[in-house]
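Per chain, numbering begins at 1; letters A, B, ... match sequence-line order.
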Amino acid sequence: MADNLPHKVADINLAEWGRKEITLAENDMPGLTHIREKYRPQQPLKNARIAVCFQVTVQTAVLIETLLDLGASVQWASSSPFSTQDHAAAAMAKRGVAVFAWKGESDEEYVWCIEQTLTFPNDKPLNLILDNGGDLTNLVHTKYPQYLCSLVGVTEGTSIGVHSLHKLLNEHKLNIPAINLADSVLNSKFCLFYGVSEILYQGIKCAAAVVMLAGKVCVLAGYGNIGKGCAKILRSFGVRIIITEIDPINALQASMEGYQVTTMEEASKMGNIFVTATGCPDVIRGEHFLHMRNDAIVLNMGLLDREVDVEWLKRNAVETVRVNPRVEKFKLSNGRHVLLLAEGRIANVTWAMSYPAFAMSYLHSLHVLAHIELWTSRDKYEVGVNVLTTKFDEEVATFHLCHMGSKLGKLTPEQAKYLALPIEGPYKSEHYRY
Amino acid sequence: MKRRVLSMDLPTTTDNVLVERNREPLGISLINPYAVGKRDHSDIVALAEEISKADTFVQATTCSKLQIIAEQMRFLQQQALQVLSEAKESFELNHAACNFKKIPGHTYHLYKRESGQTYFSMLSPQDWAQQGGPPHKYIGAYHLKEDLTWITEEKLQQSSFNFSDIAKMGLLPTGNIRQQQIEAITEKMDC
């Protein structure tokens with residue numbers, strides 16, 4: 001692979017537009033800007049060659065520029081081709097970043113793009129992986145094992161990617177230290193809770209812009225971090241919320257918040273809007289669709305593309321009309337219609353364009369700190385799936401607090417002594433649930 | 001189509017060679033019309049030859065003039081066929097599967113999957129060199145023109161119309177403002 005392509009993007013002329021939006025995103029990603037200021041003088045990522053497989057958006061462009069700023073070489077491919085922002089890719093290509101991504105890569109092209117990130121100029125192989133979904137890590141382990149010896153580690157930010165890491169580990173195939181960021185406090189309690197739920201409103205309005213939310217009944221399947229965030233947003237619009245759960249603790253949390261909790265069989269007869277956030281397949285099935293009221297809106301805000309049984313709809317619909325590129329209307333045998341968003345795929349990926357930069361900043365900051373940690377203290381991490389200590393979450397949280405003008409108290413030496421805590425933290429044990 | 005018979009195709013005879021006789025020209029009865037009309041037989045042959053020669057000339061000139069028209073017709077017909085075939089090709093290319101937004105002025109690569117589906121890709125066979133070649137059969141490179149019709153990359157290279165060459169030849173007016181305009185266009189065309 002001697003003659004590396006400099007980059008492959010859809011249209012380099014979009015660079016100026018991309019740059020404007022990257023600057024906008026950067027201004028609302030305080031975690032990354034603080035990290036740049038704090039660590040730039042030390043250049044902690046010098047000589048690191050990082051292959052990145054992450055959504056190509058303006059928000060991630062800020063992450064890439066942070067890695068570059070700290071001394072790393074970076075090559076970047078998309079982790080979800082249909083959410084690629086061609087203007088973000090163009091702006092990064094223009095400043096000389098090896099980015100291989102365009103909106104609408106085919107499956108073969110998707111793998112081709114990832115393969116381009118593996119070797120750096122002068123035939124040097126990658127030594128760090130920043131992954132989002134597990135495909136890059138998996139590709140190196142299965143097709144390019146020759147690069148494993150030079151690899152220092154991988155950071156992974158999605159539940160599916162972490163699941164794939166555990167699978168590799170259980171099959172004794174995992175060969176590098178991995179850091180699981182999906183289960184970090186900042187990801188679960190902030191990115192998912194605040195970030196994903198803000199996209200929900202846009203999703204519903206995309207399906208039926210004229211539909212008024214106030215007074216409607218929304219059935220939320222799953223009351224985890226995303227479900228809690230969605231419920232909070234919908235409640236503020238005056239929506240009546242019904243929760244379905246299988247976990248008694250989450251169901252109890254929902255009940256104590258004042259939400260009605262019932263089964264999908266019951267709820268499907270009452271709802272106008274159905275939102276899944278479970279990570280579980282076939283949560284809304286044929287029998288539920290048949291119960292729904294006319295023009296019920298169905299969207300998936302969860303972790304799995306199969307949370308809604310779209311196949312049933314396709315097989316049993318009397319008539320299918322595409323209302324707009326993201327909304328399909330299915331007429332059922334009972335004469336009622338169901339509006340399905342984004343073909344039942346995860347909506348927060350479909351609407352990645354509008355994923356709040358501030359919420360993304362939490363996860364991206366953790367990725368950068370995890371890479372500094374892997375690169376500078378590589379002997380500390382063993383082959384396996386590791387988690388970062390609370391110290392990192394606290395550091396990133398502090399950066400974001402400064403940006404919002406919040407002021408943080410400080411333990412007195414006496415208080416610290418009483419609590420048996422270091423004054424600078426970490427303040428909570430690894431098991432604390434927040 | 002029934003072929004129209006042209007008079008020049010008819011055999012030439014000597015019957016019509018000489019001007020018709022009038023035995024009472026201007027109302028005056030000729031004394032000896034025979035003597036007045038007396039002529040050498042060889043004169044008639046010479047005249048007939050002249051006529052024949054002239055006929056051949058007319059025939060040749062007419063043929064060559066018609067030839068030009070026929071050639072023009074053939075050319076127009078060819079052009080019409082070419083326009084239709086290009087339209088058909090563009091139509092087919094527009095309907096080839098494609099996941100991305102095609103931008104005029106860019107070149108894309110057409111492949112055919114085992115299923116028979118044709119699709120456009122941003123990647124050329126050279127881009128797949130490291131993988132040992134593209135995963136599907138390569139059909140060709142096509143350039144999307146500003147009018148949203150397609151031209152093969154090969155034809156584009158042949159017909160590349162270079163403003164800078166024309167400017168160098170001095171065929172375009174000069175002068176500062178005009179020169180700047182040309183330079184701007186040239187720059188745009190070259191990139």
- Message: What verdict does the side-chain hydrogen bond (donor to acceptor under 3.5 Å, both in side chains) test give for Gln59(A) and Thr57(A), after you've listed the backbone C-alpha separation in whole Å, the side-chain angles of each residue and the deciding distance to 0.1 Å?
- Response: CA-CA 5 Å; Gln59(A) 297 93 319; Thr57(A) 58; 3.2 Å; yes
- Query: Taking it one step at a time, do Asn99(B) and Trp102(A) satisfy side-chain hydrogen bond (donor to acceptor under 3.5 Å, both in side chains)?
  - Reply: CA-CA 10 Å; Asn99(B) 286 355; Trp102(A) 55 93; over 6 Å; no
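Side chains of Asp131(A) and Thr137(A): a donor-acceptor N/O pair is present below 3.5 angstrom, by distance only. A donor and an acceptor atom, one from each side chain of Glu86(B) and Gln82(B), are located under 3.5 Å apart. Neither side chain, Ser52(B) nor Glu50(B), offers a donor N or O lying under 3.5 Å from an acceptor on the other. Remark: the Tyr147(A) side chain and the Asn127(A) side chain contain no N/O donor-acceptor pair separated by less than 3.5 Å. Between Glu109(A) and Ser121(B), the side chains place a donor N or O and an acceptor N or O closer than 3.5 Å (distance only, hydrogens not considered). Defined by atom type and a distance below 3.5 Å, a donor-acceptor pair is present between the side-chain atoms of Glu115(A) and Tyr144(A).
Residues of residues 100-112 of chain B placed with any heavy atom under 4.5 Å of a heavy atom in chain A are listed by number as Phe100(B), Ile103(B), His106(B). Scanning residues 6-15 of chain A against chain B with a 4.5 Å heavy-atom cutoff picks out Lys8(A), Val9(A), Ala10(A), Asp11(A), ordered by number.
The environment of Arg23(B) atom CZ is sparse: at most 12 non-hydrogen atoms of other residues, nucleotides or ligands sit within 6.0 angstrom.
Looking at Glu105(A), only its backbone comes within 4.5 Å of chain B, counting heavy atoms on both sides.
Ion pairing between Glu343(A) and Arg322(A) holds under the 4.0 Å rule for side-chain N and carboxylate O.
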